[in-house]
Amino acid sequence: MPVRFYNTMTRELEDFTPLQQGTVTMYTCGPTVYNFLHIGNLRSFLFEDLLHRWLTYRGYNVRQIMNLTDIDDKTIKGSQAKKIPLAEYTEPYKKAFFDDLKTLNFTPAEKYPSATEHIPEMVAIIEKLIAGGYAYETDDGVYFKITSFAPYGKLAHLDRDSLRAGASGRVANDEYEKETVSDFALWKKWTPGDGDVKWDSPWGEGRPGWHIECSAMSMKYLGETLDIHTGGVDNMFPHHENEIAQSEAATGKPFVRYWLHAAHLVVEGEKMAKSKGNFYTLRDLLEKGYSPRSIRYLLYTTHYRKPLNFTFDGIKAADASLKRIDDFLFTLRNVKNSGEADSALTALLKTQTEKFEAGIDEDLNIAEGMGALFELIRAVNEKMESVTTALAGEIIAFFEKIETVLGFLSLGGPGELNEEDMELIAARTAAKKNKDFARADEIRKALLAKGIEVRDTPDGPVWKRI
RNA sequence: GGGGAUGUAGCCAAGUGGUAAGGCCGAGGCCUGCAAAGCCUUUAUCAAGGGUUCGAUUCCCUUCAUCCCCUCCA
């Protein structure tokens with residue numbers, strides 16, 4: 001079964017094959033570093049993490065580039081408000097971004113290039129566009145002329161003529177001197193409002209437009225045609241549409257082969273917005289005491305093209321689900337049965353593995369994969385007394401394998417118990433044998449206070465750290 | 001005004017032209033000295049109204065609700 005993805009460009013599920021056999025080039029629109037990551041960002045980035053991990057699981061060498069947008073209106077505004085240089089302003093947010101990725105156990109991309117470090121590459125593309133008649137210079141900048149690029153609108157399925165300037169109410173119509181309202185800025189000439197933020201260019205001092213950075217950096221690191229380009233649905237238009245226009249106009253080659261976009265999330269059924277007080281960064285959630293793995297589980301296991309309803313009950317449910325998996329693995333590790341393996345369970349492990357893989361192969365349907373996983377857990381729990389150490393080992397190996405995809409399991413062994421605690425457990429076992437249950441419970445309580453939970457099984461007591 | 005998406009049990013969430021996975025929570029039961037873990041039982045006619053069909057939750061139309069986009073918001 002091939003891996004299939006829903007390609008935004010064609011609006012269809014397509015079999016995935018990379019341009020170069022065995023290697024996937026993947027560009028993901030990264031954060032604008034003017035704030036900490038919020039759960040909406042995380043949802044998108046986690047979808048990309050799943051994509052990366054799944055392609056790796058399927059044997060591809062994944063070359064992922066994720067950019068950092070460190071030059072735009074928001075970063076400039078932020079740095080000016082604090083009266084510090086742009087780089088000084090964005091630096092802490094860049095660092096926080098990497099910390100957050102680590103906290104949520106992201107697989108690292110190959111590189112995280114910053115826009116400000118690629119100005120010459122952007123200028124080179126703009127020069128090419130002007131030379132090709134795709135762009136023009138005005139008093140305040142250089143613009144891409146969308147009427148020069150016939151396919152404009154093909155990704156977002158927008159009709160050029162029906163674009164309504166300012167329809168979103170977010171941007172003033174007459175802010176710039178453009179021939180057509182839909183033309184977009186490749187280069188913005190310096191104005192006093194930009195302060196110290198400026199670079200030299202053939203058009204005088206100024207700064208790049210937003211979209212050009214992604215074209216420049218993706219081409220520099222991954223080539224002129226990418227296998228996969230991802231982002232949030234909001235990026236479809238104008239950002240990705242503009243990337244296509246400027247990239248394909250500059251190179252004459254297809255820019256991207258598969259476009260994948262993640263849906264947004266809502267919080268408790270409502271749009272997340274600062275004004276509604278339901279706007280959460282990862283840091284906010286950690287401060288509230290939620291664990292990174294629960295957050296990862298919750299955001300990760302809903303299909304990426306479906307709006308996700310983020311709720312606090314949902315995090316608690318995620319936590320409980322993880323505990324079920326943890327306990328399952330814990331029980332397996334304590335299996336002592338060295339007899340013959342139950343062939344039905346061995347067969348089930350195979351079928352559920354296939355079901356798990358088939359689910360995710362189909363446009364990253366991880367919810368289906370998780371369903372297969374829980375079905376396996378239930379079936380094995382049901383017959384746990386007939387599970388042999390060999391089968392337990394196989395199942396644990398399977399979980400270790402899929403952890404490369406999931407990234408939220410807890411696979412570490414229980415660790416060691418110190419002598420004192422081992423003696424306490426032995427003393428409790430002795431007390432139980434003497435029917436001194438009060439003493440036994442007392443010891444268990446004492447161990448629990450140290451974070452050690454003792455469970456009685458037919459094979460004697462087992463313990464785990466909680 | 002235009003374009004796109006979603007609406008499945010208390011909550012989260014898969015899926016299918018032939019009466020609906022999985023997880024969480026709740027209730028009852030089994031097991032256990034107790035507990036934990038686990039197992040079993042139990043909860044849905046798939047937003048609403050039409051249409052196509054032998055048969056639709058699954059296809060089509062309309063309505064309603066929510067979300068996204070229409071130049072710099074993941």
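Just so we're on the same page: letters track the sequence lines, and every chain starts at 1. Any value given below was found using the heavy atoms of this structure, including those in side chains, with hydrogens, waters and symmetry copies removed. Because the structure is predicted, anything quoted here is derived from the model rather than measured.
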Distance check: side-chain N/O of A/K383 vs OP1/OP2 of B/C39, anything under 4.0 Å?
-> no

Is the phosphate of B/G7, meaning OP1 or OP2, less than 4.0 Å from a side-chain N or O of A/K306?
-> yes

If the P atom of B/C30 is compared with that of B/G15, how far apart are they to the nearest Å?
-> 38 Å

Which is true for A/D456 with a 4.0 Å heavy-atom rule: it touches a base, it touches only sugar-phosphate, or it touches nothing?
-> base

Mark yes or no for a side-chain to base donor-acceptor pair under 3.5 Å between A/H38 and B/A74, with no hydrogen or angle criteria applied.
-> yes

Contact class for A/K435 (heavy atom, under 4.0 Å): base, sugar-phosphate, or nothing?
-> nothing

Any chance the rings of A/F312 and A/Y290 have centres within less than 6.0 Å?
-> yes

Look at all strands and tell whether A/R439 reaches a base, only sugar-phosphate, or nothing, counting heavy atoms closer than 4.0 Å.
-> nothing

If we call it a pair only when both distances are under 3.5 Å in a Watson-Crick or G-U wobble match, what pairs with B/G26?
-> B/U42

On RNA chain B, check which nucleotide each of A/R11 and A/S44 is closest to and give me the residue with the more 5' one.
-> A/R11

B/A44 and B/U66, which share atom name P, separated by this distance in whole Å = 28 Å

When rounded to the nearest Å, what value does the distance between P atoms of B/A47 and B/A20 take?
-> 15 Å

Establish, with yes or no, whether the OP1 or OP2 oxygen of B/G15 is under 4.0 angstrom from a side-chain nitrogen or oxygen of A/N365.
-> yes

Sticking with atom C1', work out how far B/C67 lies from B/G51, rounded to a whole angstrom.
-> 28 Å

Over 12 foreign heavy atoms within 6.0 Å of NZ, A/K336 | yes

d(CG, A/L308; P, B/U66) in whole Å | 19 Å

Write down the distance separating the C1' atoms in B/A56 and B/U45, rounded off to the nearest Å.
-> 12 Å

Inter-nucleotide P distance (B/C46, B/A5), Å rounded = 23 Å

Regarding A/T116 and A/D70, is there a side-chain donor-to-acceptor distance under 3.5 Å anywhere?
-> yes

Listed nucleotide nearest any side-chain atom of A/T32, set B/A74, B/A14, B/G33 | B/A74

Base, sugar-phosphate alone, or nothing: which one does A/L37 contact when heavy atoms must sit under 4.0 Å apart?
-> nothing

What about A/F36 and A/Y93, are their ring centers closer than 6.0 Å?
-> yes

Heavy atoms only: give me the nearest A/T138-A/Y143 pair and the separation to one decimal.
-> OG1-CE1, 3.4 Å

Below 4.5 Å, heavy atoms only, C-beta onward: do A/Y258 and A/L226 meet side chain to side chain?
-> no

B/U6: pairing nucleotide in any strand, Watson-Crick or G-U under 3.5 angstrom = B/A65

Atom CD1 of A/I443 to atom C1' of B/A35: distance rounded to whole Å?
-> 15 Å

Is a donor-acceptor pair below 3.5 Å formed from side chain A/R455 to base B/A35, judging by atom type as modelled?
-> no

Between B/A5 (C1') and A/E12 (CD): distance, integer Å | 17 Å

To the nearest Å, how far apart are A/F328 CZ and B/A37 P?
-> 16 Å

Quote, to the nearest angstrom, the P distance that separates B/G2 from B/C11.
-> 33 Å

Spacing between A/E442 atom CD and B/A35 atom C1', to the nearest angstrom | 16 Å

Qualifying side chain to side chain donor-acceptor pair (under 3.5 Å) pairs with a residue from residues 311-321 of chain A, counting only residues at least two apart or across chains | A/S294-A/D319

Would you say the ring centroid of A/F144 lies under 6.0 angstrom from that of A/Y136?
-> no

Return the 5'-most residue of the pair A/N242, A/N41 with respect to RNA chain B, ranking by each residue's nearest nucleotide.
-> A/N242

Who does B/U16 pair with, Watson-Crick or G-U, both distances under 3.5 Å?
-> none

Taking any strand in view, what nucleotide pairs with B/C34 in a Watson-Crick or G-U wobble way, both distances under 3.5 Å?
-> none

Looking for any heavy atom pair under 4.0 Å, which part of the strands does A/H264 touch: base, sugar-phosphate only, or nothing?
-> base

Would you kindly give the NZ-to-P distance between A/K445 and B/G33, to the nearest whole Å?
-> 21 Å

C1' gap between B/A48 and B/G7, integer Å | 11 Å

Report the relative orientation of the aromatic rings in A/F237 and A/Y152; use parallel for angles under 30°, tilted for 30 to 60°, perpendicular for over 60°.
-> perpendicular

Under a 4.0 Å heavy-atom criterion, the protein footprint on nucleotides 18-31 of chain B, written with B, S and -, is ---BSSS-------

How close or far is atom C1' of B/C34 from atom CG of A/L448, stated in whole angstroms?
-> 14 Å

Given B/C39, is OP1 or OP2 found less than 4.0 Å from the side-chain N or O atoms of A/N381?
-> yes

Please work out if A/G314 contacts a base, only the sugar-phosphate, or nothing of the nucleic acid, heavy-atom cut-off 4.0 Å.
-> nothing

B/G33 OP1/OP2 closer than 4.0 Å to side-chain N/O of A/K433 | no

Between B/G4 atom P and A/L260 atom CG, what is the distance in whole Å?
-> 19 Å

Hey, does A/L373 have a side-chain heavy atom less than 4.5 Å from the side chain of A/L406?
-> yes

What about A/N309: does its side chain form a donor-acceptor pair under 3.5 Å with the base of B/C11?
-> no

Side-chain-base donor-acceptor pair under 3.5 Å for A/D327 and B/G38 = no

What orientation do A/H261 and A/H240 show, parallel under 30°, tilted 30 to 60°, or perpendicular over 60°?
-> tilted

